[in-house]
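What follows is a set of notes on a single structure, which appears directly below.
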Amino acid sequence: MNEQDKIQKKIFEEEQAHLTQTHGRLRVMESELEERIKSISEKAAQEKKDIRSNLSLNFDSDTDSMETYIEFEAMSHSIDQYNIEQDAAKEKLGRVKRLLKAPYFARVTLQFDPEEEPEDYYIGSAGVSENAFEHLVIDWRSPIAETYYNQDNGRTFYMVEGRRVDVDLQLRRQYNLEEDRLYSFFDTQVAIEDPLLLQSLASHRTDKMKAITATIQKEQNAVIRCSDVPVLLVNGIAGSGKTSVLLQRIAYLFYRQRENLRPEQVYLLTINPVFRQYIDQVLPDLGEENPRTITWRDFVHIAKAPDKGPFEPAKESDLRKIEKNLKSLRLEEEDFRPIMQKGRCVLSRREIAKVADSLSEIETGVRLLHILADRLSEIARVKIRRMERDENEKRGGRGEAGMGDLGGAGEQAGAAFNSTDPYAETDEPGMREQNRIRNEFGGAFSAIEHFSFLDIEKIGKRLTKRKKLSSAEWIWLKILLTGMGDKNVKYVMIDEVQDYTAAQLMVLRRYFDRAKFMMLGDEFQAIRPGTVSFEKIRELFGEEGREAVELPLLTSYRSSPEITEIFTGLLPREKRINTASVQRPGTAPVKMGCADSDDYLRRLKALINAAEEEEGLTAIICGNRGSLEKIRELLGDKAPQIISRNQALPGKGTFLITLDLVKGLEFDGVILPDADAKMYPDDLLARHRLYTAVSRATRRLSILSNGELTGLLQS
């Protein structure tokens with residue numbers, strides 16, 4: 001053994017000893033926390049028991065009642081303290097349990113002052129300390145961990161609450177370890193040579209995306225730790241880790257805003273339900289809750305708009321036209337719906353229209369509708385009280401009578417509508433009476449507050465002079481009329497943004513008008529006509545003075561160089577020269593144009609049989625549903641399973657799937673069974689579709705056609 005080997009062996013032994021010690025300390029912490037949680041639970045139970053036995057309920061006088069309430073408050077405060085203490089212990093225990101699987105993945109050695117000794121910091125998927133001063137492992141999202149991801153050995157810096165801290169990075173070390181066993185370590189400076197990254201990329205794909213915390217690269221880290229800007233736009237080629245970066249960014253925001261950012265304040269829009277299930281374990285594996293993860297159709301349901309299908313036909317010009325025409329619109333009786341309560345009419349369309357007419361000097365829009373809703377609430381309260389009074393009189397004098405359509409009560413309330421003051425009512429009810437009416441007729445008042453008395457569809461048809469509205473137009477019109485939206489959402493994350501239309505982004509921008517937006521995509525993966533360009537995205541958000549910060553991701557980590565060469569070959573020349581793959585060379589892709597149908601079927605079956613023998617996932621990606629059904633029929637009983645829109649991916653094996661469902665996914669192997677000129681003609685959209693399909697493959701790619709291959713692959 002030479003001297004260098006001896007040095008490496010000694011370092012390995014020292015690192016193994018440190019890992020063993022750290023894992024042991026984590027085990028001790030786990031045991032202590034479990035015992036503490038048990039002790040807190042027992043103390044809380046005993047305190048509850050003592051309080052119940054000692055608490056005297058005495059409401060004989062105001063003084064006695066006050067003393068009883070004070071005792072209740074003291075009991076509640078005591079239990080709350082136990083709950084807070086127990087929740088904190090459980091949260092820390094969760095972090096410790098995650099770290100026991102792999103205590104850390106990296107180490108940096110930093111010197112803060114030339115006169116001081118360098119300090120070691122071990123970086124893991126979570127942070128934990130045995131006391132308030134000594135960190136056993138630091139969280140990958142902590143400011144000091146930025147020195148690891150910046151990959152600048154020597155003089156560097158990190159930021160803490162806007163303050164720059166200069167340090168000397170003397171060592172940047174990566175580990176391959178599991179529990180208390182160290183397999184290897186690497187000292188590195190250049191990201192694309194990292195053995196740990198290449199090892200991670202070589203692992204087989206499964207039905208779930210994994211976190212990239214240990215292998216975040218410099219350009220990815222720039223996105224994850226980007227300052228909290230109003231609009232962040234990420235333009236990355238296929239395989240550059242856009243979705244992984246997005247999820248790490250969400251985890252980073254949760255960490256940095258632990259006290260004031262909750263999962264329900266973050267929306268993540270994904271392109272389809274298959275992808276939503278594919279990513280659903282990444283954040284929980286990092287100890288964070290998933291945000292509200294939805295598709296466009298889910299958003300339509302949240303907005304309580306009619307669901308017009310998976311694809312949104314509305315154009316930007318359609319929304320602009322609605323906004324322009326609304327300024328001259330005057331609401332008519334046919335634009336309203338009656339306000340009902342359990343099948344009984346509280347306010348008719350005619351009555352609502354009369355109140356609206358009395359406000360005709362106000363331009364149609366948010367201000368008008370809110371004033372109208374306030375007045376309708378008051379008038380509804382008057383009508384309900386008069387109706388109840390009339391009904392009581394009928395019961396006393398002439399027996400019981402049903403409420404019907406509120407009968408005479410509606411006519412009596414008409415005087416209030418026609419008077420100068422629509423609130424005319426002499427005996428204004430007290431607060432208790434108002435609450436009673438509100439509780440008993442909550443449906444009617446809720447309908448008023450949510451503007452359910454507006455017939456958005458009819459108003460929209462009148463504005464657009466068309467027979468029906470798209471979902472985007474419906475939501476847009478309701479926003480313009482009522483100000484509808486979610487003011488509590490702080491972040492909206494949109495993955496695969498190139499598959500949205502300008503109209504959809506206009507609606508989302510206005511609905512979540514207080515949120516910061518992060519949008520990620522690849523313009524060359526736009527597989528449907530009429531979707532938005534990155535230039536249009538910048539223009540749309542720029543209209544509101546929200547200039548987009550744009551960051552690129554130009555390195556492909558997904559595919560072998562051979563596969564990367566094929567899909568980047570479909571890019572424009574100026575884009576192609578800036579792209580790169582970091583994977584090791586792999587298997588050469590197969591491209592076959594078959595002479596006849598028999599040859600085609602034989603070769604397709606051979607490819608599927610070979611894929612079944614391979615490890616990991618192989619997707620047979622069909623250009624559309626018609627092509628998939630044709631291939632399934634051709635293969636007969638030997639056809640692999642089909643993945644449909646709301647279905648999760650299998651853990652392994654081969655399956656059939658359409659191109660629209662593979663956005664954002666990746667597989668060990670891909671078979672394109674219909675790569676002919678009919679499915680992929682020589683035009684821009686087909687080029688995008690083929691680029692998307694090919695770039696799903698990480699290791700193996702087979703391209704097949706019944707007849708001649710598409711010219712896009714021959715050039």
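Just so it is clear, the structure is predicted and the values come from calculations on it, not from any experiment.
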Taking [Y]'s backbone N and O only, do any of them form a donor-acceptor pair with [X]'s side chain (distance below 3.5 Å, no angle check)?
X      : Y      : value
Ser705 : Gly707 : yes
Asp674 : Gly623 : yes
Arg696 : Leu665 : yes
Arg528 : Asp499 : yes
Thr293 : Pro291 : yes
Arg249 : Cys226 : yes
Lys663 : Ala526 : no
Asn290 : Asp280 : yes
Arg625 : Thr658 : no
Thr147 : Ile144 : yes

Inspect the surroundings of [atom1] in [X] and state if more than 12 heavy atoms from other residues, nucleotides or ligands are less than 6.0 Å away.
X      : atom1 : value
Lys630 : NZ    : no
Arg602 : CZ    : yes
Glu708 : CD    : no
Gln257 : CD    : yes
Glu629 : CD    : yes

* Asked: Hey, what's the ring geometry for Tyr149 with Phe105, parallel, tilted or perpendicular (30° and 60° as the breaks)?
  -> tilted
* To do: Quick one: sort the Tyr267 and Phe512 rings into parallel, tilted or perpendicular, breaks at 30° and 60°.
  =>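 If you compare the ring of Tyr267 with that of Phe512, the planes turn out tilted.
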* **Audit row: Gln248, Leu286, side-chain contact (heavy atoms from CB on, under 4.5 Å) steps and yes/no** => CA-CA 9 Å; Gln248 304 281 156; Leu286 292 172; 4.0 Å; yes
Is a donor from one side chain sitting under 3.5 angstrom from an acceptor on the other, for [X] and [Y]?
X      : Y      : value
Tyr148 : Gln174 : yes
Glu496 : Gln498 : yes
Arg276 : Thr295 : no
Glu535 : Ser533 : no
Asn150 : Thr156 : no

Measuring only between side-chain heavy atoms, which start at C-beta, is [X] closer than 4.5 Å to [Y]?
X      : Y      : value
Gln217 : Thr555 : no
Asn221 : Tyr252 : no
Ile11  : Phe185 : yes
Glu15  : Arg173 : yes

* Step by step, work out the side-chain contact (heavy atoms from CB on, under 4.5 Å) result for Leu659 and Thr692. => CA-CA 8 Å; Leu659 176 59; Thr692 303; 4.1 Å; yes
* Point-to-point distance, once rounded to the nearest 0.5 Å, from NZ of Lys97 to CG of Leu26 ->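 Result: 11.5 Å between the selected atoms.
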* To do: Give a yes or no on whether the ring-centroid distance for Phe667 and Phe655 is below 6.0 angstrom.
  => yes
* Asked: Do His18 and Tyr104 have ring centroids that are under 6.0 Å from one another?
  ->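 When the ring centroids of Tyr104 and His18 are compared, they turn out to be within the sub-6.0 Å range.
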* Begin from the C-alpha positions of Arg141 and Glu288 and carry the test salt bridge (charged side-chain N to carboxylate O under 4.0 Å, His left out) through to its verdict. => CA-CA 12 Å; Arg141 296 163 290 186; Glu288 302 292 352; 2.7 Å; yes
